**Student:** 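Have a look at this one.
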Amino acid sequence: MTPNANWSYPTAIRFGAGRIAELPAACAAAGLTRPLLVTDKGLAGLPITARALDILDAAGLGRAVFAEVDANPTELNLALGLEAYRAGGHDGVIAFGGGSGLDLGKMVAFMAGQTRPVWDFEDIGDWWTRADADAIAPIVAVPTTAGTGSEVGRASVLTNSETHEKKIIFHPKVLPSVVICDPELTVGMPKAITAGTGMDAFAHCLEAYCSPHYHPMSQGIALEGLRLVTEYLPRAYADGTDLEARAQMMSAAMMGAVAFQKGLGAIHAISHPIGAVHNTHHGTTNATVMQPVLRMNRPAIEDRLARAAAYLGIGSDFDAFYALVGRLNAELGIPANLTALGVTDPDLDALTASALKDPSTGGNPVEMTEENTRRLLEDCL
Ligand SMILES: [Fe+2]
């Protein structure tokens with residue numbers, strides 16, 4: 001038996017195998033009568049997407065799709081999405097997919113009724129209060145990977161197509177009002193994506209757990225999230241049809257996103273600019289740089305990771321946790337370093353500057369400076 005449940009934390013979550021059939025009920029609960037399903041180019045042609053559209057169609061909700069969404073969505077994708085949304089007279093969005101489809105779908109709903117440019121809502125200070133909250137369209141989120149956790153997040157990552165910078169756009173009402181977590185949708189995920197997205201969830205839990213900010217609730221969630229990934233990601237990777245492992249990974253992904261309200265750190269701070277410039281997979285990049293970041297942060301997190309190792313039942317010190325990351329990466333076929341990941345001829349000055357500007361930088365347990373960040377990047381190559 002795979003888990004099946006209804007949760008209302010942090011939003012309404014319908015969790016369980018086969019529950020994509022409840023998409024019309026989820027739309028009704030969110031107040032959607034003319035939904036636009038937003039997904040990425042790769043997913044648009046897959047049977048799981050056709051099935052979701054058939055379910056909508058049979059319930060009289062139409063089968064409108066927007067799929068001009070790149071792997072790292074940009075403001076250009078957003079502009080086209082808004083055009084499709086307005087032309088179709090839609091009243092809300094079904095954000096369907098991995099990070100790309102979920103994030104861009106959320107942005108289409110957010111921007112549907114705004115008059116200012118999207119960059120005015122970057123996650124800086126109280127910029128989100130500039131938005132007209134009443135004009136934000138309702139969102140139903142349907143994740144098809146297990147990693148980003150964007151389905152339970154209040155922000156989207158959008159890449160600026162001119163500057164190649166990843167920006168975080170935040171508003172409390174960007175949190176989807178209903179989520180359907182159906183592990184059957186993740187069964188067809190290719191091995192490399194299962195590995196990369198799963199390690200993204202691990203990175204969210206790890207960085208939240210190590211962040212020095214005070215948030216004991218997130219601390220507990222992060223720790224259990226680490227355990228779920230450690231136990232179930234190798235299983236989901238080895239056998240994609242293992243529904244229990246797929247379900248547990250969907251939980252871990254949501255837990256990572258809930259936990260990182262406490263902060264992220266150097267893994268994400270360097271992964272964001274690397275991904276934006278070199279177009280690498282986000283989660284795989286995180287996994288690749290994880291051990292070098294742990295080495296850099298070691299003096300500040302030794303005790304904490306010793307406790308995590310004990311909780312995971314793998315030992316009682318930092319080294320045990322560090323070795324676990326190495327074992328997971330090896331088992332999941334993660335490239336040994338950024339060079340092997342395909343990062344060639346990197347501009348270290350530019351990457352360092354972008355990393356230090358990334359909002360994740362503030363959550364790193366060791367203060368990030370020009371010197372240690374550049375050294376870290378060199379270490380990751
Ligand atoms: Fe991430």
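Numbering of ligands and ligand atoms starts at 1, following listing order. Everything numeric in this text was worked out from a predicted model, so none of it was measured.
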**Student:** Looking just at side-chain N and O atoms, do Asp358 and His268 make a donor-acceptor pair shorter than 3.5 Å?
**Tutor:** no

**Student:** So, using salt bridge (Lys or Arg N to Asp or Glu O under 4.0 Å) as the criterion, who are the partners of Arg298 when residues are at least two apart?
**Tutor:**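 If we apply the salt bridge (Lys or Arg N to Asp or Glu O under 4.0 Å) test to Arg298, skipping adjacent residues, the hits are Glu302, Asp319.
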
**Student:** Anything under 30° is parallel, anything over 60° is perpendicular, the rest tilted; go ahead and classify Trp128 against His171.
**Tutor:** perpendicular

**Student:** With 2.8 Å as the threshold, which protein atoms of type N, O or S lie near the Fe ion (ligand 1)? Leave waters out.
**Tutor:**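 Near the Fe ion (ligand 1), below 2.8 Å, one finds Asp200 OD1, His204 NE2, His268 NE2, His282 NE2.
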
**Student:** Side chains of His164 and Asn160: donor-acceptor distance under 3.5 Å anywhere?
**Tutor:** no

**Student:** Does Glu370 pair with Arg374 as a salt bridge, N-O distance under 4.0 Å?
**Tutor:** no

**Student:** Classify the side-chain pair Thr159/Asn72 by whether it contains a donor and acceptor separated by less than 3.5 Å.
**Tutor:** no

